[in-house]
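Right, one structure below, let's go through it.
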Amino acid sequence: MKQFAFAKIDISTKKLSKGHKKLAQYINENYDKAAFMTASKLGESVGISESTVVRFASEMGYKGYPELQKELQQMIKSKLTAVQRMEVSSNLIGEQGAIKKVLTDDIELIRETLETVSNDEFSKAVETINSAKRIYILGVRSSASLASFLYFYFNLVFENVVLINSSSASEMFEQMFRIGEDDVCVAISFPRYSKQTINALRFISDRGTKIIALTDSDHSPIAEYADALLVAKSDMASVVDSLVAPLSIINALIVSVTFSRRDEVYDNFNKLESVWDEYQVYDNADGGTNE
């Protein structure tokens, strides 16, 4: 990891005190751990006071240590290996236990997403989806589960929905080669960002297709391709990523699209209920209608 190349800190242009130099060196050599330490813990690890850590953040141009810490976390979380993630999460969870830590963090991620999501971008995404000739849905690796969930419900509403199979790069492009200006692609990507997704979006963008990007930040590598950008907060939970906030955004997309096509969706589900009932798709143990 280059010296602070991942943040707005540039220590080479600043005259630092002895304590600040020690701190900068420690962060450079232990960025994966330092980004998740409190100011007090970081100072203790370096052998300096908590106030020195806070002053360092201010000198580097941040409003305070929490802002520095947040940017470090944001910039490095796509860089951490699975082993580093395990080490970091083990320190974060500590004695409080996984279920309390993970659920508490998930609640906070949804709250942050609610406060920061753009209503204009969301409305633009809904409008773009409703006016598209075909809807392509792209998600690779852990994001594939989100893509499949969105596809399941969109396929009940729209006639032309394509879930891009990402098992191989060649198959991805074969499924997309007919994509055009009248279509839309909903692309989903969270750290660690997939190069497959980025390459696919470059291909899609060159064909003038509208792109709705669901990702964790406007600094995400897929954000630059977005005609509508939906930001949902995500964070590490050991070797896995917390995707509850992205799933909530997807739920909201499904609900909004469904409401805007109410009559069509009502007709579709009436027909589907008859099929489900006739072929006993759902368990009817209570003797009532299938639900």
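Not measured: the values here are computed from a predicted model. Excluded from the calculations below are hydrogen atoms, water molecules and symmetry mates; all remaining heavy atoms, backbone and side chain alike, are included.
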### Query
Do the non-hydrogen side-chain atoms of Pro246 and Ile249 ever get within less than 4.5 Å of each other?
no
### Test item: Asn28 side-chain N/O and Ala24 main-chain N/O as donor-acceptor pair under 3.5 Å
yes
### Query
Hey, quick one: are Phe122 and Leu229 part of the same hydrophobic cluster, counting side-chain heavy atoms closer than 4.5 Å, chains of contacts allowed?
no
### Task
For the pair Lys210 and Cys185, evaluate side-chain contact (heavy atoms from CB on, under 4.5 Å) and give the outcome as yes or no after the intermediate values.
CA-CA 6 Å; Lys210 293 286 192 299; Cys185 176; over 6 Å; no
### Query
Would you say Arg134 has more than 12 foreign heavy atoms packed within less than 6.0 Å of its CZ?
yes
### Ring center gap for Phe177 and Phe173 short of 6.0 angstrom
no
### Message
With a 3.5 Å distance limit and no angle check, can you tell me whether Ser205 reaches the backbone of Leu201 through a side-chain donor-acceptor pair?
### Response
no
### Query
If you draw a 6.0 Å radius around CD in Glu115, do more than 12 non-hydrogen atoms from other residues or ligands fall strictly inside?
yes
### Summary
Between Leu109 and Ala245, the two heavy atoms sitting closest are O-CB, 4.1 Å
### Task
For the residue pair Phe152 and Leu163, establish whether any side-chain heavy-atom pair is separated by less than 4.5 Å.
no
### Message
For a quick test of reading the model, state the closest non-hydrogen atom pair linking Tyr26 to Ala34 and the distance between them.
### Response
CE2-CB, 4.3 Å
### Query
Under 3.5 Å, side chain of Thr215 to main-chain N/O of Ser189, donor-acceptor pair present?
yes
### Task
Would you give the length of the straight line joining atom CG of Asp267 to atom NZ of Lys271, rounded to the nearest 0.5 angstrom?
4.0 Å
### Residues, nucleotides or ligands: over 12 heavy atoms within 6.0 Å of Glu264 CD
yes
### Task
Find out if a path of hydrophobic residues (ILVMFWY) with successive side-chain heavy-atom gaps under 4.5 Å connects Ile137 to Leu230.
yes
### Atom CZ of Arg178: over 12 foreign heavy atoms under 6.0 Å
no
### Shortest non-hydrogen contact from Lys22 toward Gly47
NZ-O, 4.1 Å
### Query
Using a distance-only test with no angle check, is there a side-chain donor-acceptor pair under 3.5 angstrom linking Arg55 and Thr52?
yes
### Query
Under 3.5 Å, is there a donor-acceptor pair linking the side chains of Ser51 and Ser49?
yes
### Query
Would you say the side chain of Lys124 lies within less than 4.5 Å of the side chain of Ile212, judging by non-hydrogen atoms?
no
### Task
Taking all non-hydrogen atoms of both residues into account, name the closest pair between Ala228 and Glu121 and its distance.
CA-OE1, 3.3 Å
### Task
Using the rule that two of Ile, Leu, Val, Met, Phe, Trp, Tyr join whenever any of their side-chain heavy atoms come within less than 4.5 Å, decide whether Val255 and Ile110 are in one cluster.
no
### Query
Would you say Thr113's side chain and Lys233's backbone share a donor-acceptor pair under 3.5 angstrom?
yes
#### Entry: Pair Asp206 + Arg202, salt bridge at N-O below 4.0 Å
no
#### Entry: Asp183 (side chain) donor-acceptor with Ile179 (main chain) under 3.5 angstrom
no
### Query
Does a sphere of radius 6.0 Å around CZ in Phe158 hold more than 12 heavy atoms from other residues, nucleotides or ligands, not counting ones at 6.0 Å or beyond?
yes
### Query
Is a side-chain donor or acceptor of Ser220 paired with a backbone partner of Asp216 at a separation under 3.5 angstrom?
no
### Query
Honestly curious: do Val257 and Val184 fall in one hydrophobic cluster under the side-chain, below-4.5 Å linking rule?
yes
#### Entry: Ring-face cation contact, Phe203 with Arg207, 6.0 Å cut, 45° max
yes
### Query
Is it the case that Asn160 and Tyr136 place a side-chain donor and acceptor less than 3.5 Å from each other?
no
### Query
Backbone N or O of Ser142 within a donor-acceptor pair of the Ser145 side chain at under 3.5 Å?
yes
### Query
If you group Ile, Leu, Val, Met, Phe, Trp and Tyr by side-chain heavy-atom gaps below 4.5 Å, do Leu214 and Ile129 land in one group?
yes
### Polar side-chain atom of Ser256 near backbone of Leu253 as donor-acceptor pair, under 3.5 Å
no
### Task
Compare all side-chain heavy atoms of Met172 with those of Thr197 and state whether any distance is below 4.5 angstrom.
no
#### Entry: Any donor-acceptor N or O pair under 3.5 Å, side chains Glu171, Gln175
no
